[in-house]
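As a basis for the values below, the full set of heavy atoms in this structure was taken, side chains included, without hydrogen atoms, waters or symmetry mates. So that the names make sense, note that chain A is the first sequence line, chain B the second, and so on, each numbered from 1.
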There are 2 protein chains.
Amino acid sequence: MWTVSTLSYAAQVSVTSYHHGNLRAALVETGLAMARESGPDGVALREVARRVGVSHNAAYRHFADREALLGEIAQVGMQRLTEAMHQRMAEVVPGLDAVARAQARLRAVGRAYVEFALAEPGLFRTAFSALAHASPVEPAGTAEEDQGPYALLNTVLDELVEAGHLAPERRPSADVTCWAGVHGIAVLHLDGPLAGAPEAEREATMVRFFDIVERGLGGGPGGGPG
Amino acid sequence: MWTVSTLSYAAQVSVTSYHHGNLRAALVETGLAMARESGPDGVALREVARRVGVSHNAAYRHFADREALLGEIAQVGMQRLTEAMHQRMAEVVPGLDAVARAQARLRAVGRAYVEFALAEPGLFRTAFSALAHASPVEPAGTAEEDQGPYALLNTVLDELVEAGHLAPERRPSADVTCWAGVHGIAVLHLDGPLAGAPEAEREATMVRFFDIVERGLGGGPGGGPG
DNA sequence: AACTCAGTGTTGACACTGTCCACATTCTCG
DNA sequence: CGAGAATGTGGACAGTGTCAACACTGAGTT
């Protein structure tokens with residue numbers, strides 16, 4: 001009955017069998033597409049099943065809930081976000097001194113975060129809608145790569161400390177501050193009062209934000225310049 | 001049939017008439033209560049009508065859509081948020097010099113924002129869920145009071161400029177940066193990976209955030225302290 | 001080779017939702 | 001008083017998530 005799409009189902013089996021062979025993956029993939037189109041609310045279990053070419057309820061053999069499927073999709077979304085950040089971070093040209101390089105990499109991950117949110121609004125919203133997944137913030141030292149956006153941010157911030165721009169005693173403040181700021185910019189542009197702002201303005205906002213953060217983080221152990 | 005609650009329907013009429021007399025207000029009020037309980041998704045048109053004691057569909061005489069009702073509720077939520085910010089801002093003791101006072105007021109509005117989000121998660125989510133309402137960010141000068149959170153923030157930032165702590169050329173950067181940061185902190189604690197963080201940690205995060213922002217905003221026209 | 005049985009997919013049902021339609025009642029105004 | 005505009009009602013339709021009972025298939029055991 002159902003036509004097998006030409007997409008990348010890892011272990012595609014005979015085309016007209018009763019068993020789909022890879023339903024779970026297919027559901028996630030199709031659900032992902034729907035999430036990209038219309039966000040978490042656009043992912044209807046029945047519609048996903050319909051598109052995959054399987055009856056409603058079939059999904060219940062692989063997911064306890066709609067929530068469970070959505071969680072899986074959210075996880076993929078989070079992964080995509082991480083990849084985007086990683087890529088932008090790696091694109092930073094290497095011909096700079098340590099401080100400039102670390103600063104550029106910090107700006108790169110931040111910019112990637114916002115860019116991703118605006119380029120993939122549905123996926124971004126989905127990733128943050130049902131997060132029974134991600135651990136409630138890993139401790140700030142566990143910074144191996146591809147462990148999530150937070151780990152990536154921490155990596156860059158540690159580089160900034162090493163380079164000598166970020167005073168160590170302000171290091172603990174830095175991660176959540178940066179994250180919150182960038183997330184706030186993303187959300188306000190996505191679902192907030194800044195939605196529809198022209199790109200130039202958004203770009204200016206980003207630059208100014210990073211200027212302030214860099215200024216706020218950098219320098220010696222003393223208080224502010226006042 | 002429907003029992004009239006003891007709440008504040010502005011123009012309550014005869015108890016057993018065919019016409020409710022104040023349906024619109026009653027719907028908003030009840031919808032608001034449901035939004036507080038379970039966020040925007042918890043506001044079901046039929047259930048609202050049921051609780052008010054009126055048939056489903058009655059709401060359609062007063063709202064074009066579920067979306068329209070939700071928008072009205074969101075507006076009330078925004079108003080509550082503004083009030084909370086206003087109050088915390090007014091509570092700042094007056095016995096300080098101009099700079100300290102302005103800084104304290106900035107921290108107060110920011111803290112109020114986050115506190116409100118965590119104290120009224122459903123309402124906060126609702127306020128930011130369907131915002132076909134609020135104008136896409138008023139220009140940064142239009143800062144009369146009770147015009148919304150953004151106007152309030154601008155007021156405080158202007159005070160900071162007047163007091164001499166915020167360099168005028170960094171003023172345009174300040175509003176969105178502060179807003180985004182505070183909004184990010186709120187959202188990450190509400191729906192993000194920081195959910196469930198203990199209050200002490202959240203408090204520390206807030207303090208650190210404001211330290212960085214203050215440092216980043218303050219001081220002379222020169223670049224960072226590096 | 002036949003049988004069993006767990007895994008997987010299907011059909012049918014239920015309760016719930018938003019929304020449209022036609023109808024009923026009431027209020028207001030001429 | 002009577003007409004017409006407001007307002008509330010009931011029924012219907014399509015859509016949703018979820019549960020329970022049934023059907024098919026494939027892998028392993030005897």
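Of all non-hydrogen atoms in A/Ser55 and A/Ala49, the two that sit nearest each other are O-CB, 3.6 Å. Between B/Gly77 and B/Ala127, the closest heavy-atom pair is C-CB, 4.2 Å. Contact detail for B/Val92 and B/Ala108: the closest heavy-atom pair is CG2-CB, 3.9 Å. For the pair A/Ile212 and B/Leu217, the tightest heavy-atom approach, listed with the atom from each and the gap, is CD1-CD2, 3.3 Å.
A straight line from CE of B/Met34 to P of C/dC16 spans 13 Å, rounded to a whole angstrom. Look at CG on A/Leu45: it is 11 Å from P on D/dC19, rounded to the nearest Å. Between the CZ atom of B/Arg24 and the P atom of D/dA6 there is a distance of 15 Å, given to the nearest Å. For the pair B/Glu47 CD and C/dA15 P, the computed distance is 16 Å after rounding to whole Å. D/dA6 atom C1' lies 15 Å from atom CG of B/Asn22, rounded to whole Å.
Residues A/Arg111 and A/Glu203 are in side-chain contact: their nearest non-hydrogen atoms beyond the backbone lie under 4.5 Å apart.
A heavy atom lying under 4.0 Å from DNA chain C marks the following residues of residues 57-66 of chain B, by number: B/Asn57, B/Tyr60, B/Arg61, B/Asp65, B/Arg66.
In the interface, the side chain of B/His56 is not paired with the base of D/dG8 through any donor and acceptor atom under 3.5 Å apart. A donor N or O paired with an acceptor N or O is found under 3.5 Å between the base of D/dT18 and the side-chain atoms of A/Arg46.
Under 4.0 angstrom from either OP1 or OP2 of D/dT16 there lies at least one side-chain N or O belonging to A/Arg50.
Using cut-offs of 30° and 60° on the angle between ring planes, the pair A/His183 and A/Phe124 is tilted.
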